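Atoms within each ligand, like the ligands themselves, are counted from 1 in listed order. Predicted, not measured: the structure shown is a model, and the values here were computed from it.
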Amino acid sequence: VQMFVGVGAARVRDLFEQAKASRPAIIFIDEIDAVGKARGSGGPMGGNDEREQTINAMLAAMDGFTDSTGIIVVAATNRADTLDPALMRPGRFDRKIHVGAPELLGREAILAIHAAKVRLGPDADIRYVARRTAGMTGAFLANVVFEAAGLAARRGADSVSKVDLDEGVDRATIGAKRSLKLSDELKLRIARHESGHVLANLLNERPELRQPTNKVTIVPHGTGALGFAEMGSPEGDTYLYTKSQLEARLDHAMGGLVAERMYYGEWSTGPGSDLQYATRIARTMVQQLGMDDGLGFPQTGADPSDPFGRQPFCEAVGGQVHE
Ligand code: NHX
Ligand code: ZN
């Protein structure tokens with residue numbers, strides 16, 4: 001999208017001419033939503049003439065294609081739902097390929113690509129990084145390696161170690177390590193809290209519900225965390241959780257608070273985020289998943305598609321959900 005109306009369209013025509021001159025060719029357009037947003041959605045000022053002319057030029061060029069043109073046009077976006085439907089008509093961008101977040105093996109392969117650009121030390125463990133980064137995208141994984149390389153450079157090391165990679169994950173998720181001056185008394189409380197998380201998990205009566213601990217630390221990280229205990233998953237990513245597995249996650253989340261209570265008779269403001277996490281799981285179990293025996297199957301959350309946000313159930317049900 002250019003400053004002057006029509007310049008973008010001229011550039012598009014130019015691009016397709018170049019592709020024709022050197023076919024077979026692939027034209028790859030990144031962030032297509034910048035020009036491909038649904039037309040007439042230009043905000044209070046109405047449409048965006050330059051954007052529309054640019055996209056129209058692209059559609060016109062593609063309409064001229066035949067099977068033998070020898071040009072493939074590929075476009076990428078994170079916001080396929082906002083694109084103009086005209087873009088997706090047959091003969092245009094008519095095939096959608098959804099690229100989701102990579103799985104464990106995919107993350108390992110992507111990490112290996114980025115790691116090939118830096119020198120890894122003998123103890124560097126890409127698989128461990130892949131295990132700690134469930135649900136993360138390629139761009140995120142690139143950032144993990146970038147952060148790890150920066151840490152190694154700052155150490156004056158000539159290769160990236162296992163610890164650099166581990167701290168790279170922390171920097172890209174919860175935030176960098178911070179040195180706070182903490183009293184021994186507070187350090188002990190943090191250690192007891194984090195141990196509580198780990199133990200609640202390891203002491204599960206059912207061995208199959210015990211999860212390996214990815215990482216536990218009492219070094220403060222990010223904007224406010226004094227420590228954390230990160231639970232892992234033994235084999236690969238988790239796609240489904242049974243009710244027992246969710247209850248085990250609740251146990252894990254509550255372990256820190258319980259440990260504080262056992263040692264001090266009360267807990268602190270610290271477990272606020274643990275409670276928030278546990279509450280979200282418990283609410284989902286009851287309101288979305290029918291996992292409360294008393295309440296049964298109905299979904300009792302507000303219907304997100306209701307324009308007025310109405311609760312489809314009476315207040316007595318709300319009371320039961322709460323209980
Ligand atoms: C505060 N922080 O805000 C102090 C500095 C109970 C030993 N006055 O549950 O650090 O109280 O298992 C990501 C994740 C802030 C960002 C958790 C930012 C929690 C964290 C509040 C450990 N570990 N609590 C925990 C904690 C706090 C907070 C976070 C975050 C504590 C607890 C923070
Ligand atoms: Zn905690």
Side-chain angles (χ1 to χ4, degrees), residues 101 107 128-137 139-141 143-148 150-151 163-206 209-234 237-238 241 243-286:
R107 291 196 297 280
Y128 166 78
V129 178
R131 259 195 284 122
R132 279 197 69 198
T133 47
M136 282 153 198
T137 62
F140 189 98
L141 297 170
N143 191 237
V144 168
V145 176
F146 174 81
E147 291 285 4
L151 288 165
V163 171
D164 293 326
L165 284 169
D166 189 52
E167 292 184 7
V169 176
D170 295 339
R171 291 177 84 97
T173 52
I174 194 164
K177 266 199 307 203
R178 284 202 310 159
S179 51
L180 297 177
K181 186 81 194 101
L182 303 177
S183 67
D184 286 348
E185 200 187 336
L186 182 52
K187 283 184 200 163
L188 192 57
R189 183 185 273 267
I190 301 169
R192 284 175 168 151
H193 176 100
E194 304 310 339
S195 305
H197 284 303
V198 176
L199 286 171
N201 183 27
L202 293 182
L203 298 178
N204 195 306
E205 298 89 333
R206 288 170 54 187
L209 293 176
R210 296 171 197 157
Q211 297 285 323
T213 300
N214 271 347
K215 175 164 182 168
V216 56
T217 176
I218 64 164
V219 177
H221 281 75
T223 48
L226 298 171
F228 63 85
E230 184 187 293
M231 204 164 101
S233 145
D237 302 340
T238 314
Y241 295 93
K243 183 178 176 183
S244 304
Q245 286 172 324
L246 289 177
E247 283 170 347
R249 289 185 96 79
L250 292 179
D251 289 342
H252 175 88
M254 300 302 283
L257 175 157
V258 169
E260 287 190 50
R261 200 185 122 147
M262 283 170 68
Y263 273 102
Y264 304 102
E266 61 181 5
W267 59 89
S268 62
T269 54
S273 67
D274 289 336
L275 283 170
Q276 189 179 16
Y277 173 74
T279 302
R280 198 176 305 138
I281 293 177
R283 176 184 291 285
T284 304
M285 290 171 73
V286 172

Query raised in the report: Does L226 reach the side chain of H193, with side-chain heavy atoms less than 4.5 Å apart?
Result: no
Requested in this report: Specify side chain, backbone, both or neither for L226, according to which of its non-hydrogen atoms lie closer than 4.0 Å to ligand 1.
Outcome: both
Query raised in the report: Quick one: does atom 1 (C) of ligand 1 have a protein heavy atom under 4.0 Å from it?
Result: no
Query raised in the report: Near the Zn ion (ligand 2), which protein N/O/S atoms fall under 2.8 Å?
Result: H193 NE2, H197 NE2, D274 OD2
Query - Contact check, side chains of D170 and K177, non-hydrogen atoms, under 4.5 Å - result: no
Requested in this report: Only heavy atoms count here, so choose which of A225, A229, G270, S273 is nearest to atom 31 (C) of ligand 1.
Outcome: G270
Report task. Have a look at ligand 1 and work out which part of E260, if any, has a heavy atom under 4.0 Å from it: side chain, backbone, both or neither. Result -> side chain
Requested in this report: Could you pull out, from H221, R178, Q276, E194, the option with a heavy atom nearest to atom 23 (N) of ligand 1?
Outcome: E194
Query raised in the report: Using 4.0 Å as the upper bound for N to carboxylate O, is an ion pair formed by R210 and D251?
Result: no
Query raised in the report: So how far is it from Q211 CD to M231 CE, rounded to the nearest 0.5 Å?
Result: 4.5 Å
Requested in this report: Taking the side chain as every heavy atom from C-beta outward, state whether D166 and R132 have any atom pair closer than 4.5 Å.
Outcome: yes
Query - Winner among G272, G222, G224 once heavy atoms are compared against atom 3 (O) of ligand 1 - result: G224
Query raised in the report: Who pairs with A172 by side chain to side chain contact (heavy atoms under 4.5 Å, CB included), at least two apart in sequence or on another chain?
Result: F140, N143, V144
**Report entry** Sub-4.0 Å heavy-atom approach of I190 to ligand 1
**Finding:** yes
Report task. Specify the protein heavy atom at minimum distance from atom 13 (C) of ligand 1: its residue, its atom name, and the distance to 0.1 Å. Result -> I174 CD1, 3.8 Å
